[in-house]
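Just below is one structure, and these are the notes that go with it.
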Amino acid sequence: MGRHQRSLSLSVTSSATPSSDVTELDFAAADVGCPFGRVDALGPVELRETAYEIFFMSCRSSSGGNTGGARGGGMEAEVSSPMAGARGGGGGGSRVKKALGLKARRLSSSSAAAAQPMMVRTLSQTSGPASPGRGRRPMTSAEIMRQQMRVTEQSDARLRRTLMRAVVGQVGRRPDTIVLPLELLRQLKPAEFADGEEYHQWQFRQVKLLEAGLILHPSLPLDRLNSAVLRFREVMRATEIRAIDTAKNSDAMRTLTNAVHALAWRSGVGSGGGDACHWADGYPLNVLLYVSLLHTIFDHRECTVVLDEVDELLDLIRKTWPTLGITKPVHNVCFAWAFFQQYVITGQVEPELAAAALAVLADVAADAKQLPGNRDAVYGKVLVGALGAMQEWSEKRLLDYHDSYEKGIGGAPTEGMEILLSISLSAGKIIADRDATTAAANFAGDRVDYYIRCSMKNAFTKILESGMGDGDGEPGVVLTQLARDTEELAIVERRSFSPVLRRWHPAPVAVAAVTLHGCYGVVLRQYLGKVSILTEELVRVLQSASRMEKAMAQMTAEDAADCRDDRAKAIVGDMEPYEVESVVMGLLKVWMDDRFKITMDCLARAKETESWIPKSKDEPFAASAMEMMKLAKYTVDEFSEIPASAKDEVVQDLVDGLEAIFQEYISFVASCGAKQNYLPPLPPLTRCNQDSGFFKLWRKAVLPSCQAPEGSTRGGGGGSHHIPRPSISRGTQRLYVRLNTLEYVLTHLHAMDKSLVASSASRFDGARGAAKSAIARVAEVAAFRLVFLDSRHSFYHGLYLRNVADTRIRPALRALKQNLTFLVSVLADRAQPVAVREVMKASFEAFMMVLLAGGGDRSFTRGDHAMVEEDFRSLRRAFCTCGEGLVPEEVVAREAETAERVVELMARPTDALIDAFGVATSKSIAVEHDDDGNSGGVTPVPPTSRRWDAADPNTILRVLCHRDDEVASQFLKRTFQLAKRR
């Protein structure tokens with residue numbers, strides 16, 4: 001007795017034994033995770049303790065309030081388990097075991113102790129020595145349950161006393177109307193524990209349990225800011241620090257009780273129209289507790305055995321359904337999972353456990369059909385979680401069944417594999433039927449097909465790796481042996497595994513043979529791709545591959561011939577013959593790869609060393625482009641000499657390879673930044689400062705000394721004969737080299753396209769399109785760099801600075817014309833039009849930014865409009881006369897329309913601008929209100945998009961910000977509180 005009692009004893013704080021975590025440890029080692037999630041606040045031991053407390057309360061309360069002795073309570077009075085021997089030890093005792101196909105426990109006759117019924121033996125070891133001449137009484141179901149859940153007699157007795165005190169005067173009270181943790185907190189006092197720390201830990205566990213059931217995982221939706229939740233949290237924080245006073249008049253206990261009642265007795269769900277409390281029926285807490293109870297049907301000393309008392313235990317466990325919110329369908333899923341889990345964690349050595357899980361899955365399938373869709377969300381989570389975990393764990397083995405069952409895991413290979421197949425397919429079919437709108441017509445066949453293909457690939461990979469490790473390293477030798485081993489693997493598959501798989505699939509041998517044929521084909525093609533010359537080794541490899549292919553084709557044909565299913569015939573069509581290329585074609589492939597490598601090396605060198613400095617004026621493009629196009633032309637010329645019968649099949653491969661290299665080089669040439677890198681930031685919006693007459697005279701007097709540097713000529717007159725030199729920086733000149741390089745590549749692409757094949761089909765379309773797009777992009781970047789960086793002093797930084805009359809556009813036009821002359825002189829003829837057109841766009845953009853985003857040193861009056869309009873006409877004229885029609889006049893006119901409309905705004909009176917701004921803003925706000933459904937509020941500052949337009953409210957606002965008069969200033973101050981300029 002002493003030895004067994006030590007194995008069951010633990011401190012009063014935890015009612016579990018030291019071996020209580022054996023199942024959990026084995027569970028983790030078996031690589032099968034809990035499908036129902038977890039409750040972070042409660043570990044496995046705490047969940048088991050709570051499950052036993054709920055079980056005991058449910059049975060005790062349902063017994064009519066019998067409050068007999070500590071060991072003779074209501075649960076024992078209600079159901080008393082007869083001796084196991086009284087059932088005869090056969091298979092006819094338990095209706096559950098009979099229904100699930102479980103055999104009665106087999107008793108050894110080798111010793112008198114073993115001949116005793118198991119539960120009687122357990123009682124004899126725990127209930128003390130018997131009196132002389134008196135027999136030992138049989139164990140009750142309660143005692144069986146206590147030992148199965150590894151609860152000490154001390155903890156059990158304490159629980160009995162507590163519930164006896166709790167139900168005094170409450171005869172007939174249903175268990176689902178009792179919040180058990182709250183009752184335990186009320187009844188149990190520190191004196192019943194070994195010390196204060198032990199009591200504190202026990203008390204905090206009960207509070208954590210209440211938190212899990214009422215707040216973290218409630219059965220009804222809960223607002224976490226609910227006042228009851230907040231009050232509960234306060235008590236919980238106090239409990240975490242020290243044990244609280246649980247006396248009836250304690251403030252903490254009264255607060256806790258009120259909060260728990262408010263949370264537990266919420267209406268909406270429950271039996272009897274809401275007359276039951278809800279504190280342990282939220283998912284996943286309820287399912288985790290219930291599964292802990294279901295595991296008591298397995299003998300904790302002999303884990304593969306189901307107790308003969310399973311009927312009585314299940315009847316008692318069923319009494320917890322109202323408290324835990326368990327239904328029959330949920331019970332069936334949990335019951336199937338309990339058998340499957342036990343089968344896994346016991347090493348899959350007892351097929352009866354898996355067969356029992358499969359039998360319960362039949363009930364689960366019937367339940368799932370009756371509860372379609374989302375009628376029961378909790379049931380759906382339990383069903384998908386448990387069955388998904390069963391399917392996932394099973395498929396991990398089935399996807400490599402050669403490795404899992406070749407050594408006979410779980411009995412004979414066919415036995416263990418067949419059981420796992422049945423479970424995986426049954427679980428998967430239930431999930432598939434529930435999720436799909438229409439039932440899967442051939443779910444089992446499709447999954448088995450997938451298992452065969454995956455397992456054959458894994459087995460083939462192991463053979464290949466073994467051959468590569470054991471051989472002499474010669475690829476030809478390895479492939480020759482691999483062909484023989486692959487054929488042998490197919491024979492083993494047909495003899496050992498296909499008879500089992502044929503139950504679900506019409507042609508498993510054909511699937512296996514086709515899969516192995518494909519796997520070997522992959523390796524064979526890799527080998528042929530590396531062969532440069534025809535050798536005897538290559539001949540032997542091809543001969544062995546041919547023999548193996550014929551054997552696989554014969555197996556496939558024989559298996560398909562015995563089957564009338566159309567799918568089997570389709571499988572035969574999946575076997576693609578090995579099309580081994582001729583030696584000439586192989587050499588051609590190697591040659592092409594070598595040429596591609598040389599060209600790619602040239603590209604890599606260009607990326608590392610290209611400086612964008614032209615070799616000479618006659619060759620104004622990058623040297624890397626000349627080298628690359630020379631290599632490409634040499635490749636195309638050599639390819640043209642190959643006989644047409646051989647090259648026609650690979651001409652597109654050659655084009656694709658070269659085109660990919662060209663496109664990468666074009667992308668490299670075009671990687672020169674973006675125009676946004678050169679656009680100046682927009683200054684903050686301010687209103688013009690109305691200076692006094694004296695200050696205006698003073699500013700005019702000192703203006704010459706305040707002009708921008710660079711020696712720019714002042715005024716609209718021509719008092720200076722200085723001719724500015726081109727202001728194009730080296731960085732901009734390198735961009736022009738990039739443009740010339742792209743034009744050079746584009747020209748040679750046209751030439752190569754014509755010489756590649758005597759055909760009207762167009763090649764290199766992708767590369768040509770990429771080159772044209774890159775030319776436009778590089779030209780745009782070069783133009784914005786020229787205007788906003790190289791010409792910034794004479795244009796954006798100098799034009800109309802402080803006043804319009806003294807800082808007209810003529811100096812900027814001189815510099816612009818010099819730059820355009822230089823640009824035309826260095827660019828290729830085909831690149832000139834697009835480059836000049838982009839400079840025009842950038843110049844118009846800069847002109848509008850001077851007017852609309854010129855900063856605090858620029859202001860305009862209506863009287864300035866004529867000068868500004870004249871300057872813009874001069875700017876337009878500069879591009880119309882550039883070169884010999886490089887930019888047509890209609891193109892210049894079209895691009896200038898936006899700027900002209902902006903200039904026209906400067907001629908309008910301030911009141912008209914304010915009215916126009918109001919109209920434009922109203923339209924903008926109306927659109928926003930239509931989109932957002934909002935209205936009212938102060939008119940916001942219109943957002944800036946840099947797309948200037950005379951109808952754009954932001955554009956009009958900027959004209960007002962630069963309007964130097966009192967009306968505009970007061971409007972801006974009143975409407976937007978804009979600050980004055982300093």
Side-chain angles (χ1 to χ4, degrees), residues 19 22-32 34-35 84 87 89-108 114 117-119 121-122 144 147-148 150 291-311 313-314 332-364 386-387 389-398 401 404-427 500:
S19 62
V22 172
T23 299
E24 285 77 23
L25 293 174
D26 291 344
F27 181 84
D31 191 27
V32 54
C34 177
R87 303 186 185 277
S94 168
R95 69 180 187 281
V96 174
K97 297 185 77 169
K98 183 182 295 185
L100 299 180
L102 298 170
K103 300 172 184 173
R105 63 188 308 107
R106 294 177 288 274
L107 301 177
S108 173
M118 189 278 294
M119 288 307 164
R121 294 200 310 272
T122 305
I144 295 173
Q147 289 201 354
Q148 284 295 102
R150 285 155 284 185
V291 170
S292 297
L293 293 173
L294 289 179
H295 274 288
T296 59
I297 68 173
F298 304 106
D299 188 345
H300 72 278
R301 299 188 308 168
E302 193 176 351
C303 297
T304 59
V305 175
V306 176
L307 298 177
D308 287 342
E309 291 77 9
V310 60
D311 295 31
L313 293 180
L314 288 178
N332 287 338
V333 176
C334 295
F335 203 36
W337 170 254
F339 277 109
F340 178 79
Q341 177 187 344
Q342 199 71 9
Y343 172 69
V344 172
I345 65 178
T346 54
Q348 307 123 64
V349 297
E350 182 50 77
E352 280 192 0
L353 295 175
L358 187 62
V360 180
L361 283 179
D363 296 333
V364 174
L387 270 58
M390 295 168 69
Q391 183 184 20
E392 180 182 1
W393 188 91
S394 302
E395 287 193 343
K396 284 184 179 179
R397 277 74 188 164
L398 295 173
Y401 58 77
S404 300
Y405 293 101
E406 191 173 15
K407 302 179 180 63
I409 296 177
T414 55
E415 181 184 15
M417 179 178 170
E418 188 170 6
I419 290 173
L420 212 60
L421 271 168
S422 300
I423 291 177
S424 176
L425 296 176
S426 297
V500 176

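Atoms considered below: every heavy atom in the structure, side chains included; atoms not considered: hydrogens, waters and symmetry mates.
- Atom CD of residue Glu350 and atom NZ of residue Lys103 lie 7.5 Å apart, to the nearest 0.5 angstrom.
- With Ser424 contributing its side chain and Leu421 its backbone, the two residues share no donor-acceptor pair below 3.5 Å.
- With rounding to the nearest 0.5 Å, the separation of CD in Gln348 from OH in Tyr405 is 6.5 Å.
- Between Met390 and Phe340, the shortest heavy-atom distance links the atoms CG-CD2, 3.6 Å.
- Among all heavy-atom pairs drawn from Thr296 and Gln148, the shortest one is O-NE2, 2.7 Å.
- Contact between Thr346 and Cys303 at its shortest, heavy atoms only, is CG2-CB, 3.7 Å.
- The structure places CE of Met417 at 9.5 Å from OG of Ser404, a figure rounded to the nearest 0.5 Å.
- For the atom pair Leu425 CG and Leu398 CG, the distance stands at 7.5 Å (nearest 0.5 Å).
- With sequence neighbours left out, the side chain to side chain donor-acceptor pair (under 3.5 Å) criterion links Gln391 to Glu395.
- Applying the side chain to side chain donor-acceptor pair (under 3.5 Å) criterion to Ser394, with sequence neighbours excluded, gives no partner residue.
- Here the CG-NE2 distance, from Leu307 to His300, works out to 9.5 Å after rounding to the nearest 0.5 Å.
- In this structure, Ile423 and Leu361 approach most closely via the heavy-atom pair O-CD1, 4.2 Å.
- Using a 4.5 Å cut-off on side-chain heavy atoms (C-beta onward), Val306 and Phe298 make contact.
- Trp337 has its side chain out of reach of Val333: every pair of non-hydrogen atoms, C-beta onward, lies at least 4.5 Å apart.
- Shown here are the salt bridge (charged side-chain N to carboxylate O under 4.0 Å, His left out) partners of Asp363, two or more places apart in sequence or in another chain: there are none.
- Counting heavy atoms from C-beta on, the side chains of Ile419 and Leu358 never come closer than 4.5 Å.
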Walk me through whether Asp311 and Ser94 qualify under side chain to side chain donor-acceptor pair (under 3.5 Å). CA-CA 6 Å; Asp311 295 31; Ser94 168; 2.4 Å; yes

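- The shortest heavy-atom contact between Asp308 and Lys97 is OD1-NZ, 2.8 Å.
- In this structure, Ile297 and Gln342 have side chains that are not in contact, with every pair of non-hydrogen atoms separated by 4.5 Å or more.
- Using a 4.5 Å cut-off on side-chain heavy atoms (C-beta onward), Leu314 and Leu294 make contact.
- Side-chain rings of Phe339 and Phe335 approach one another, their centers coming within less than 6.0 Å.
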